[in-house]
Structures are given as C-alpha cells and as structure tokens.
Protein chains: 2
Amino acid sequence: MNIGEASRVSGVSAKMIRYYEEIGLIPPAPRRDSGYRDYAEADVHRLRFIRRARDLGFTVDQITELLGLWSDRSRASSKVRSLALSHVDELARKKKEIEAMISLLERLVRSCHGDDRPDCPILDELAADEAEPFGRPATGPQRFGQIGERKGAGRATRP
Amino acid sequence: MNIGEASRVSGVSAKMIRYYEEIGLIPPAPRRDSGYRDYAEADVHRLRFIRRARDLGFTVDQITELLGLWSDRSRASSKVRSLALSHVDELARKKKEIEAMISLLERLVRSCHGDDRPDCPILDELAADEAEPFGRPATGPQRFGQIGERKGAGRATRP
DNA sequence: CCTTGACCTTCCCATGATGGGAACCCTTAT
DNA sequence: ATAAGGGTTCCCATCATGGGAAGGTCAAGG
C-alpha cells in the first residue's frame, strides 16, 4: 500500500513516516518502479506500535529501545518494565513541576482583585527585588527546582 | 555593567540576554566604545522579571504582554489576571495529559510481572491490533485525547 | 611595554518532533 | 489528453536554549 493509506490506517502522518525512516526508527520501505514507498501489514503494525508509544509520551529514542525489545522474542519482560517505570518517573517529575507552577500562579491570581484598578500583586511579585519572591513558608531548603526543564538547569552562565 | 554581571545578578544566561534583545523582548542595550553591551539596574530588574515569568512557564509572547502591562501604570489588573488564568488553564491541560499517560503506564506496569520471562503485557498492548488498545472500562465516549500536544492534534494526514 | 587570561562580540549549528509548502513526477478516471 | 489526487525530495519554521569558533577588549602582573 502507498504511504497515504499506511498513514490512514496507522494514524501516523506521512510526513512522520518518512521522518521515522530517515532517522532509522523504521527500516527503509521498499520502492515500486515509480519510486513510491510500498508498505505491508507488518509495517502498519509497527507504525501503530510507534504511535501508541508516542501517545504515551515515549521519546523516539525510547521507542527505538521498545521496538528492539518487541522484536526480541527472548527478552526479559523486566527490561520493558524498567523502561516504562523510568518513563513514569520522568512524567511524574514534569507533573510536579507543572503543579508547582500552577499552585504559585493560583496564589498570585487569588491575591489579585482583578478589577479595573491598576495595582496588581501578580506583576508586583514578578518584579520583586528579593531572591525568593514567591515567599514560601520558610520551611526548609527545598527550591522549586529549575522548572520547565530548560537544559542548563541552572542560573545563568556557569561554565 | 557587562553582560556577564547582568547575567549573574539576574539569573538569565548571557546567551539568552542577547537572544531576548534580538527578538525584541528587551530593548537593545547601549554599547560602550568597545562594543560591549552596558546594563543598568533597571535592565537587571527587567531581566529578573523575565526569568521569574519563564520559571512560571509563561512563553516569550506572554512575557512580552506582561512586560507591556508592567510598564503601563494605568493598566487594569484584570488584564494581568486573565492572562495568568489562561496560562493556568494551559498548565492544567498539560497536567491532565501527563496524568492520563501516567495512569495508563502504571496500569501496564502493574500488569507486567517484570521477571526474566519474555512475555510482556506492556509490549502486547502497544502492539495490539484494536483501535482502542488500552481497554478502558467501556464507560462512554471519552477518548484520551491527543496527548502530548503534537500540533496536528489529530490522526495522520487530514488536510 | 607586552603577555596572559578572562571577558566580550558575531555567526553558525544543533536540539525534538512536527508541520508547511514548493517543484516536480506518477497513476487513474473521465 | 487532461485533470485530480496521489507520491517524491528538499528547504524552512517552530521554541527556547546551549555549544563552539574566530576574533576583539580589558585589566593585572612581569
């Protein structure tokens, strides 16, 4: 079948199918004389696998591993399990970051009357001079962490 | 002060300061004869504002708006508030997506014995043929939604 | 005065997963 | 034969961020 149909039945866009081929996530599809890619059921199967894994938030690298484990009939299920578990950890981390942002923001929003008067605690907090503007209850050394997972994970330029 | 010190005291990397200038989030810094950018306290203040807003997950576009509101002494606080509220909504949406992924994954992990035997329900589910592989309790029309916020928000190529 | 090292400048490239679109080729039905 | 609707490759954009090269500047110490 052509790439369009493979896309329709697998739920992966044609653009993505070509991209997955390019990066080696799937093997190069055989070509017809016309140059068109030709897909079989097994390929669609694999694409569906990929799509479901993507829907679960796995990265392409992780999916590469999962596909390897999938095709290895003698793998230990513990490998798959630990891959899934570490992904859950990662998701839980992101969830916590988001929750921290939400609770901070909700507090700021609650403190803002939100009418047509110009004074606004939200902006005041963002503009505060102090190092710890979000006045948490002084209960210890925990920070909010570098929220939003920007890579450097740290403040400014530290080589 | 030089960009390095501005970076240190604001918590925004020098690279990002230059980038923010380039995209117009901050005005071009005055230059010394040497060509070095020169920052004053007010600039550092603004950079700190930006960093805090980024830490709260606001996009650069939203921060542009926030800075505009910040410098407008006659703005209505309701504007800031609604900006913050819609950002909270967005964060809540992401949080729900992540939660859906986590609960699905946790269920799969629970169903996987995770020893050295090769059979693995996690892979089996990812590879399942059915359209609804994650066998939810048949309680209605709700779907998990297009998790992971890939733009198309939909299945495959539908122009 | 000159060197050294720390700083600054600009410019280009990479990330991850995805879409948009142009220019061009293939197939099939009217 | 022509039009419509595929397909192909190639380039570009996203978003916020960092890496690194090539080269200019500055301050301290010999």
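Residue numbers start from 1 in every chain, and the chains themselves are labelled A, B, ... in the order their sequence lines are given, proteins ahead of strands.
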Below 3.5 Å is the cut-off: list the nitrogen or oxygen pairs between protein and nucleotides 2-5 of chain C, distance only.
none

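- Salt bridge absent: B:Asp89 and B:Arg93 never bring a charged side-chain N and a carboxylate O closer than 4.0 Å.
- When side chains are defined from C-beta on, A:Ile98 does not count as touching A:Lys95, because their heavy atoms never get closer than 4.5 Å.
- Residue pairs meeting the ring-ring contact (aromatic ring centres under 6.0 Å, His included) criterion with at least one member in residues 93-119 of chain B, sequence neighbours excluded, do not occur.
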List, with names and distances, any nitrogen or oxygen atoms from the protein found under 3.5 Å away from nitrogen or oxygen atoms belonging to nucleotides 2-4 of chain D.
none

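- Atoms CZ (A:Arg32) and C1' (C:dC26) sit 11 Å apart, rounded to a whole Å.
- The CD1 atom of B:Ile17 sits 14 Å away from the P atom of C:dC7 (whole-angstrom rounding).
- Side-chain contact between A:Ser7 and A:Val12 is absent, with no heavy atoms from C-beta onward closer than 4.5 Å.
- Distance, B:Ile23 CD1 to D:dT14 P: 11 Å, rounded to whole Å.
- Under the ring-ring contact (aromatic ring centres under 6.0 Å, His included) criterion, no residue pair touches residues 5-41 of chain B, with sequence neighbours excluded.
- For the salt bridge (Lys or Arg N to Asp or Glu O under 4.0 Å) test, no residue two or more places apart in sequence or in another chain qualifies with B:Glu106.
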Nucleotide by nucleotide, nucleotides 6-12 of chain D touches protein heavy atoms under 4.0 Å in the pattern (B base, S sugar-phosphate only, - none) BSBB---

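- No side-chain heavy atom of B:Trp70 sits under 4.5 Å from any side-chain heavy atom of B:Val80.
- Going from atom OH of A:Tyr19 over to atom P of D:dA13 covers 18 Å, rounded to whole Å.
- Separating the CE atom of B:Met16 from the C1' atom of D:dC15 is a distance of 10 Å, rounded to the nearest angstrom.
- Taking B:Arg110 as the reference, nothing meets the side chain to side chain donor-acceptor pair (under 3.5 Å) condition, with sequence neighbours excluded.
- Rounded to a whole Å, the CG atom of A:Asp33 is 12 Å from the C1' atom of C:dC26.
- The ring pair (Phe, Tyr, Trp, His ring centres under 6.0 Å) search around A:Phe58 returns A:His87, not counting sequence neighbours.
- Take B:Asp72 and apply the salt bridge (Lys or Arg N to Asp or Glu O under 4.0 Å) test, not counting sequence neighbours, and it matches no residue.
- Residues meeting the salt bridge (Lys or Arg N to Asp or Glu O under 4.0 Å) test with A:Asp115, sequence neighbours left out: A:Arg117.
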Chi angles and distances behind the side-chain contact (heavy atoms from CB on, under 4.5 Å) call for B:Ile50, B:Leu67: CA-CA 8 Å; B:Ile50 291 171; B:Leu67 284 171; 4.1 Å; yes

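- Heavy-atom distances under 4.0 Å link DNA chain D to no residue of residues 58-67 of chain A.
- Rounding to whole angstrom units, OH of residue A:Tyr20 and C1' of C:dA17 are separated by 7 Å.
- Applying the salt bridge (Lys or Arg N to Asp or Glu O under 4.0 Å) test to every pair with at least one member in residues 35-44 of chain B, sequence neighbours left out, gives these pairs: B:Glu21-B:Arg37, B:Arg32-B:Asp38.
- Taking atom CD on A:Glu21 and atom P on C:dA17, their separation rounds to 17 Å, with Å as the unit.
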